[in-house]
Amino acid sequence: MGLKLHNSLTRTKEDFKPLKKGRVGIYVCGPTVYGHAHLGHAKSYVSFDVLVRYLRYLGYEVTYVQNITDVGHLTDDADEGEDKVVEAAKREKKHPMALAEYYTRSYFEDMDRLNCVRPDISPRASGHIIEQIELVKTLLEKGCAYEVNGSVYFDVSKFEEYGKLSGRKVDDMLAGARVEVSPDKKSAVDFALWKKAEPRHIMQWPSPWGTGYPGWHLECSVMAMKYLGNTIDIHGGGLENQFPHHECEIAQSEAANGVQFVRYWIHHNMVTVDGQKMGKSLDNFITLKQAFSGAHERLTRSYDPIAVRQLILNSHYRSPLDFSDAALFAAQSGYEKISETVKAVRKVMGQAVEGKADEGITKQLKEVKDKFEAAMNDDLNTSIALSVLFDLVRLTNKVLEEETAKETLNAIDDLFSRLGGDVLGLVKEEYPEVSGADAEMLERLVNVFVEQRSNAREREDFVAADALRDKLEEIGIILEDKPGGVTVWRRK
RNA sequence: GGCGGCGUAGCCAAGAGGCCUAAGGCGACGGUUUGCAAAACCGUUAUUCGCCGGUUCGAAUCCGGCCGCCGCCUCCA
């Protein structure tokens with residue numbers, strides 16, 4: 001049984017078969033870089049990160065392209081009518097390109113912390129103006145577009161399949177139009193390919209139709225085609241972009257090339273915060289940096305980036321996800337449970353007795369792997385995949401209660417690394433308790449206190465022993481007494 | 001107003017006609033262990049799936065109505 005994906009184009013789960021055997025090209029709509037990434041970005045890019053990771057786990061050679069939108073026309077849910085890049089650039093006293101660069105770096109920083117693998121190619125819209133102009137020219141030549149007053153519009157009447165992705169009919173759209181139609185356009189459903197620049201528009205380029213800037217659907221078509229070909233396997237994005245953005249991408253691309261643009265359209269659902277739509281004008285707008293540091297009035301503490309990731313994977317990518325402090329808190333606890341178990345296995349592994357893997361456990365590990373793959377194959381059911389990982393946690397902790405052969409522990413660690421690490425990105429390769437040159441000193445320092453406390457316990461001076469333990473906890477070091485008088489420590 | 005989606009325990013969240021007297025995580029409670037803790041393990045925590053009807057031998061899952069929430073409805077940020 002292979003991977004099945006829900007294709008928005010057909011509204012059904014389909015067997016995934018790439019165009020070229022063993023190779024997958026995937027394009028994901030990237031961020032518009034005029035502010036720090038927020039929880040909504042996290043859901044989007046973690047979801048597609050897992051798709052890419054799982055495709056690679058299955059052995060596909062994946063080319064992952066995700067654009068950076070750094071050209072003018074920006075959307076915002078709270079405000080209307082203002083160019084956000086210009087506004088932000090003015091506020092921060094930066095050139096728009098400097099602003100875009102700043103937030104691009106911020107974006108990658110946050111995605112790295114969420115353990116998202118970097119795209120193979122991160123093309124900037126501003127770096128592909130020539131290609132965008134070329135596509136507009138092609139569409140004009142084919143009679144699918146028309147020029148009016150320095151702007152070029154796509155003639156939707158020339159593309160019969162318009163509406164096939166979002167399930168809309170052009171007639172319904174015309175009837176339901178509630179926005180005033182631009183006098184330049186032949187039809188209300190036509191959309192801009194190239195816009196004449198208003199004097200106040202900072203980002204503008206010369207074109208055969210005068211100075212202007214590209215329509216906002218154009219960049220994705222152009223960059224997807226340039227790096228992945230005229231027909232690409234997977235195009236991902238948020239549900240809010242299904243219409244008009246993706247619908248327009250299809251129209252432009254297919255009208256220009258005469259071949260199917262995207263074979264599988266994957267859309268993820270949106271996030272809410274405390275049950276409400278997250279909006280800049282509301283006080284529930286939380287950036288990733290705020291979540292990681294806890295610097296937001298709706299948060300009671302800081303959260304590990306991987307805990308944020310775990311909360312996202314706890315639900316399905318096509319379901320809406322509600323972020324709340326309580327939900328993040330729960331994810332943080334769950335994440336710690338997984339990582340503590342992995343750390344424990346690796347610790348014991350080092351000094352375990354040599355020996356062959358236990359047959360009974362090997363069989364159970366095989367079941368874990370099969371269940372996990374079955375869940376992921378079913379349209380990336382990460383919620384069930386995660387529950388399987390927790391099965392592995394419980395199994396492991398039971399195994400650790402008794403002396404276990406090295407090979408058994410190796411097999412467990414390998415499964416954690418493959419499923420929890422390679423696929424879900426929740427298990428790290430290394431968990432340094434302390435880092436840097438002071439590591440050894442800290443180790444020895446803590447051991448001094450542990451020894452003092454052990455002495456106190458031996459003479460049954462529990463007041464002194466508990467005081468030492470409490471003091472250490474205050475500075476973030478947790479002591480745990482194991483059977484046989486052994487005390488281990490870890491960082492909080 | 002039009003189109004689409006969602007509503008499952010204290011919280012998050014799977015399940016989409018019989019395997020469900022509904023996964024998993026968090027929390028809470030009880031137990032094992034411990035000098036006490038912590039961690040771990042074991043057990044309990046929805047006879048019920050927004051509400052009301054209907055279809056069916058059988059519905060959380062299908063249909064209709066109602067209530068609540070979310071997204072999109074395009075010239076451009």
Side-chain angles (χ1 to χ4, degrees), chain A residues 11 32 34 72-77 79-87 151 153-154 156 166-169 172-173 175-185 188-193 195 201 213 215-217 238-245 247-248 267 269-272 275-277 310-311 313-316 318-338 340-341 344 371 375 378 381-391 393-394 396-398 400-401 457 460-463 465-466 469-470 473 478-483 487-490:
Chain A
R11 275 159 274 265
T32 300
Y34 70 104
H73 36 258
L74 303 166
T75 63
D76 186 75
D77 14 21
D79 290 308
E80 287 181 293
E82 275 300 314
D83 183 322
K84 290 301 164 207
V85 147
V86 172
E87 204 174 66
S151 292
Y153 296 95
F154 185 89
V156 170
S166 52
R168 288 155 200 258
K169 292 190 182 69
D172 292 348
M173 284 186 265
R178 55 169 201 194
V179 177
E180 211 176 304
V181 180
S182 160
D184 288 349
K185 295 198 317 195
V189 292
D190 291 351
F191 57 91
L193 295 170
K195 285 288 282 182
H201 212 100
Y213 57 95
W216 77 285
H217 310 305
L239 209 49
E240 87 283 12
N241 279 332
Q242 189 171 31
F243 187 88
H245 186 53
E247 195 70 63
C248 295
H267 289 100
N269 218 128
M270 315 311 288
V271 307
T272 51
Q276 291 283 118
K277 175 186 175 176
Q310 182 157 318
L311 178 57
L313 298 182
N314 185 229
S315 72
H316 189 89
R318 285 196 291 114
S319 300
L321 168 62
D322 185 47
F323 277 97
S324 63
D325 187 67
L328 281 164
F329 199 95
Q332 176 80 34
S333 298
Y335 166 64
E336 282 169 9
K337 183 169 179 160
I338 293 171
E340 288 306 319
T341 300
K371 273 176 78 178
D378 184 16
N381 194 326
T382 52
S383 185
I384 290 182
L386 188 57
S387 79
V388 174
L389 200 64
F390 275 108
D391 289 343
V393 166
R394 204 174 314 110
T396 303
N397 281 322
K398 271 189 261 185
L400 288 175
E401 281 175 5
R457 289 176 72 205
E460 299 196 355
D461 182 358
F462 296 120
V463 175
D466 291 352
R469 186 173 62 196
D470 292 346
E473 182 166 356
I478 309 277
L479 300 189
E480 293 178 3
D481 299 328
K482 298 295 179 189
T487 298
V488 299
W489 68 274
R490 65 185 167 89

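Please read all numbers here as calculations on a predicted model, not as lab measurements.
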K.L.:
Classify A:Phe390 by what it touches in the nucleic acid, base, sugar-phosphate, or nothing, heavy-atom distance under 4.0 Å.
P.N.:
sugar-phosphate
K.L.:
Are any of A:Lys371's side-chain N or O atoms less than 4.0 Å away from OP1 or OP2 of B:A14?
P.N.:
no
K.L.:
Would one find a side-chain N or O of A:Asn397 under 4.0 angstrom from OP1 or OP2 of B:A39?
P.N.:
no
K.L.:
Taking only N and O in the side chain of A:Ser319, is any of them less than 4.0 Å away from OP1 or OP2 of B:A14?
P.N.:
yes
K.L.:
Find the partner of B:A16: check Watson-Crick (N1-N3 plus N6-O4 or O6-N4) and G-U wobble (N1-O2, O6-N3) distances, both under 3.5 Å, and reply none if neither fits.
P.N.:
none
K.L.:
With a 4.0 Å cut-off on heavy atoms, is A:Thr341 in touch with a base, just the backbone sugar-phosphate, or nothing at all?
P.N.:
nothing
K.L.:
Select from A:Ser315 and A:Arg457 the residue whose nearest nucleotide in RNA chain B is closer to the 5' end of that strand.
P.N.:
A:Ser315
K.L.:
Could you identify the nucleotide paired to B:U61, looking across every strand shown and requiring Watson-Crick or G-U wobble geometry with both distances under 3.5 Å?
P.N.:
none
K.L.:
Please state whether the phosphate of B:G71, meaning OP1 or OP2, lies under 4.0 angstrom from any side-chain nitrogen or oxygen of A:Lys277.
P.N.:
yes
K.L.:
Between A:Lys398 and A:His316, which residue's closest nucleotide on RNA chain B lies nearer the 5′ terminus?
P.N.:
A:His316
K.L.:
Tell me which nucleotide, if any, is Watson-Crick or G-U wobble paired with B:G35 when both distances must be under 3.5 Å.
P.N.:
none
K.L.:
Paired with B:A9: which nucleotide, if any, by Watson-Crick or G-U wobble criteria at under 3.5 Å for both distances?
P.N.:
none
K.L.:
Using a 4.0 Å heavy-atom cut-off, does A:Leu479 contact any base of the nucleic acid, only the sugar-phosphate backbone, or nothing at all?
P.N.:
base
K.L.:
Which part of the nucleic acid, if any, lies within contact of A:Arg318, taking any heavy atom under 4.0 Å across all strands shown: a base, the sugar-phosphate backbone alone, or nothing?
P.N.:
nothing
K.L.:
Under 4.0 Å, heavy atoms only, any strand: does A:Asp322 hit a base, just the sugar-phosphate, or nothing?
P.N.:
sugar-phosphate
